[in-house]
Protein chains: 2
Amino acid sequence: MSKGQASQKAIAEHLGLAVGTVSRAMNGYPDIAKSTRDRVMAAARELGYRPNNAARRLSTGVSEVAAYIMPEQTSSLSEPFIAELLKGLGETLRKRGWDLMVTHTTSAQDELEQIDRLWNTGAVGAIVISRPLKKDPRIPLMQKLGCPFVVHGRSASEAPFAWYDVDGQDAFMSSVNHLVGLGHRRIAFVGSPLQYEFAQSRLDGYKQGLKINGLSYDPELVQIADISDAGGERATHQLLTLEAPPTAILAVTDTVALGVLTAIRAAGLRPGPDISVIGYDGLQFGVHTNPPLTSMEQPRAHAGRRIAEMVFNLIDGADPKDVTELQRAHLVSRATDAPAKHPNKPEINSVREKQNDTD
Amino acid sequence: MSKGQASQKAIAEHLGLAVGTVSRAMNGYPDIAKSTRDRVMAAARELGYRPNNAARRLSTGVSEVAAYIMPEQTSSLSEPFIAELLKGLGETLRKRGWDLMVTHTTSAQDELEQIDRLWNTGAVGAIVISRPLKKDPRIPLMQKLGCPFVVHGRSASEAPFAWYDVDGQDAFMSSVNHLVGLGHRRIAFVGSPLQYEFAQSRLDGYKQGLKINGLSYDPELVQIADISDAGGERATHQLLTLEAPPTAILAVTDTVALGVLTAIRAAGLRPGPDISVIGYDGLQFGVHTNPPLTSMEQPRAHAGRRIAEMVFNLIDGADPKDVTELQRAHLVSRATDAPAKHPNKPEINSVREKQNDTD
DNA sequence: GCGTTTTCCGAAAGCGGTTTCGGAATTTGT
DNA sequence: ACAAATTCCGAAACCGCTTTCGGAAAACGC
């Protein structure tokens, strides 16, 4: 439309050169004399040259834009997380001249459609997705398309792919260890739907933690909830009405943990002193909850940067199977992890009594 | 690179037509027989045709991508806000085939540079910015560039521009009214640096609220802080060491209010019963703070949608001065607004006594 | 001092669309 | 049945940049 910008042609005319020469000068071809390269660069600066993105893309065939597919149903509470991720992604991409595009989808089907569109219209040159399912159709699709992609999380797949993940299994195992160390024996797990890989692996870690501590697995103590505060609240309400309620609860995410805290307080109990709670993510607002939430913190700022770097690795021709990174989460202890009140007397736990006391 | 996609040329050859004919058929030119248009459409579907974005952009000159410039220093706590905004923006843009690009900047200077780049390289066809300064250099820049843009917030400008905003002045005025109605007379304001337009207008609303309630303006009761929980905490600490501390505190954002709560609790006081606190934004995590935070809620989900629609209005040729919308915020009362303890006895307020009591 | 390399640049063909222009084929007018 | 008006499509230029190819000019060799 407007864009009164200097093109290579303008530079060429200004200098009495051919456009092809200008192009090669700017791209560092060896068959251009240093003197003319300098002239070209000077003129470019002087005339305010801006390479036309579309033109370059059209002739090279690659788009210097990466797409981030937003996880479908993101509660407003879990979003601080992806905002940080976006920042790391965007800033790191920019260092090599790439831009970041975000795409929201309306359904799993729509998501596949978007991926196909983004790649096949040439809108983007790479894609990053989050929260893969245990068996995620997006992965074989992108492999079929030949689109460079990195997954934030792991997944089952026949062919190897690039991924960045935090070891949730390990994290939940050590959470259990931590709680057992505090004298807890009845430890519950509030998880999310198991089609998500992260949900499964965190549950696995929980089970594994029980096992290595010689605790038996009690299905009653495992609740599956929506990834939301409301989901955590409902699940915890269930747990608290058990005949033998847990003395500690592991939440699959901090967002869910918020609901856990709410439900515990609603039952007239104190998160921490009465029932320990450990979340996962280490979100900043955990310091402001009532009481401040103990959580497994993952290195979030790092994630965006690394994922962007992995995108470049792929672009530079790295084999996807060599482009993987597994980080660890670390316990940040705030106020909701505490010694079990009666480590050896599992009978002191009628919630209703407790409630009446407090009323 | 790969992209085994069908081009218009492929369709043309498949049908024995010229590419120009195919193009005009797809774009609804009137000089194409309906019969051949149908054949073209059928072939397009059959061959899996995908228009090449770059090619179209190159020849039409317009890019169907809108950029959202991320506010420079976004605390991780304020980010739920923009994530919701992005969602509304992205989904609404997509309805007309547009995509959303996000750009993080490292400085004010860099931000101007990015805007210039995004527009002049043809990467985007419109830009939306947030949190304008009272006098914001980005606005005249975009006006000079001729780039369609909408501002999330208002600003002083010679030429009119498109904006969407929530009336912060009105909101803080009614917050003051609300508190006065609860018997408060010493009401403090924890604001943010006044180069931001929103900071100024909220302060103005605060002052206006004082005036219409016949309260005098006491500069001691106004603190300027970083837009963060830490900033709010420091500012509140100052307020509490005053000889005559406030009985109520207005925070410029919910993020800041978190720090206000922390500082109040740290002083051994109870937010709500002892000192009322009202935030601004109505963020969801306000229900999980200690205690739950009363706040002025703005219609956030609506914002992204409307801003995207305004972008299209501009693209469709609307005069920027006609593309504006002012929304109102509404009080959502949770647990931090309460009647003043001693409405008519401003002498009961030595914080140190209170602290000692609690110690 | 004349052939042979090197060095350096111009010319041109795309990339995949859009849009203008002109003309063949068909329809209309009388 | 012949000129005029429509209808419909092909041809070609262009958007800005990349890249291959070939050749002129300069440097080299002996």
Side-chain angles (χ1 to χ4, degrees), chain A residues 1-41 43-44 47-65 97 117 119-123 125, chain B residues 1-41 43-44 47-65 97 117 119-123 125:
Chain A
M1 296 267 87
S2 28
K3 324 222 177 181
Q5 248 7 65
S7 59
Q8 286 188 354
K9 183 164 132 197
I11 296 179
E13 286 172 355
H14 181 73
L15 257 38
L17 293 173
V19 289
T21 305
V22 172
S23 173
R24 275 170 301 160
M26 308 195 98
N27 292 327
Y29 275 60
D31 65 341
I32 300 291
K34 181 173 185 316
S35 58
T36 75
R37 184 193 318 289
D38 290 342
R39 288 172 60 212
V40 167
M41 291 319 218
L47 301 181
Y49 168 75
R50 291 286 193 183
N52 181 305
N53 233 307
R56 150 183 277 131
R57 177 185 309 176
L58 182 56
S59 70
T60 63
V62 306
S63 170
E64 297 188 329
V65 177
R117 177 185 69 84
W119 177 250
N120 278 325
T121 63
Chain B
M1 297 269 82
S2 29
K3 326 226 174 177
Q5 252 0 74
S7 61
Q8 286 188 354
K9 183 163 134 198
I11 297 179
E13 287 171 355
H14 182 72
L15 258 39
L17 292 173
V19 289
T21 305
V22 172
S23 174
R24 276 169 299 161
M26 308 194 97
N27 292 327
Y29 275 60
D31 64 342
I32 300 292
K34 180 172 186 319
S35 58
T36 76
R37 184 192 318 288
D38 291 343
R39 288 172 58 213
V40 168
M41 292 317 222
L47 301 182
Y49 169 74
R50 291 283 194 184
N52 181 306
N53 234 306
R56 152 183 277 131
R57 178 185 309 178
L58 182 57
S59 69
T60 62
V62 305
S63 171
E64 297 188 328
V65 176
R117 177 185 70 84
W119 177 250
N120 277 325
T121 63

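Throughout, protein chains are lettered first and strands after them, A, B, ... in sequence-line order, and every chain is numbered starting at 1. Heavy-atom basis, side chains included; hydrogens, waters and symmetry copies ignored.
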Is there a side-chain polar atom (N or O) of B:Thr36 under 4.0 Å from OP1 or OP2 of D:dC8? no
Between the protein and nucleotides 26-28 of chain C, list every N/O to N/O distance that falls short of 3.5 Å.
none

Where do [X] and [Y] come nearest, in terms of heavy atoms and distance?
X	Y	answer
A:Ala43	A:Ile11	CB-CG2, 4.0 Å
B:Ser63	B:Gly122	CB-O, 3.3 Å
A:Leu58	B:Ala55	CD1-CB, 3.8 Å

Keeping the roles fixed (side chain from B:Arg56, backbone from B:Pro51), state whether a donor-acceptor pair exists under 3.5 Å. no
Tell me which donor-acceptor pairs under 3.5 Å the side chains of residues 18-28 of chain B have, and how far apart each pair is, sequence neighbours excluded?
from: B:Thr21; atom 1: OG1; to: B:Arg24; atom 2: NH2; distance (Å): 3.4
from: B:Arg24; atom 1: NE; to: B:Gly20; atom 2: O; distance (Å): 3.1
from: B:Arg24; atom 1: NH1; to: B:Asp31; atom 2: OD2; distance (Å): 3.2
from: B:Asn27; atom 1: ND2; to: B:Ser23; atom 2: O; distance (Å): 3.3

Under the side chain to side chain contact (heavy atoms under 4.5 Å, CB included) rule, collect the residues that match up with A:Ser59, sequence neighbours excluded. none
Could you list by number each residue of residues 10-18 of chain A showing a heavy-atom separation from DNA chain C of less than 4.0 Å, or answer none if no residue does? A:Gly16, A:Leu17, A:Ala18
Partner residues of [X] under the side chain to side chain donor-acceptor pair (under 3.5 Å) criterion, sequence neighbours left out:
X	result
B:Arg117	A:Asp99, B:Gln114
A:Arg50	B:Glu113, B:Asp116
B:Arg39	none

Bend angle of the helix from C:dG1-D:dC30 to C:dT30-D:dA1, end axes from five pairs each (to 10°): 40°
Rounded to the nearest 0.5 Å, what separates atom CG in A:Asn52 from atom CZ in B:Arg57? 8.0 Å
Give me, pair by pair, the N or O atoms of the protein and of nucleotides 15-20 of chain C that are less than 3.5 Å apart, along with how far apart they are.
from: C:dG16; atom 1: N2; to: B:Ala55; atom 2: O; distance (Å): 3.4
from: C:dG17; atom 1: OP1; to: B:Arg50; atom 2: O; distance (Å): 3.4
from: C:dG17; atom 1: OP1; to: B:Asn52; atom 2: N; distance (Å): 3.4
from: C:dG17; atom 1: OP2; to: B:Gln8; atom 2: N; distance (Å): 2.9
from: C:dG17; atom 1: O5'; to: B:Tyr49; atom 2: OH; distance (Å): 3.2
from: C:dT18; atom 1: OP1; to: B:Asn27; atom 2: ND2; distance (Å): 3.4
from: C:dT18; atom 1: OP1; to: B:Arg56; atom 2: NH2; distance (Å): 3.4
from: C:dT18; atom 1: OP2; to: B:Gln8; atom 2: NE2; distance (Å): 2.9
from: C:dT18; atom 1: OP2; to: B:Ser23; atom 2: OG; distance (Å): 2.6
from: C:dT18; atom 1: OP2; to: B:Asn27; atom 2: ND2; distance (Å): 3.3
from: C:dT18; atom 1: O4'; to: B:Ser59; atom 2: OG; distance (Å): 2.9
from: C:dT19; atom 1: OP2; to: B:Tyr29; atom 2: OH; distance (Å): 2.8
from: C:dT19; atom 1: O5'; to: B:Tyr29; atom 2: OH; distance (Å): 3.4

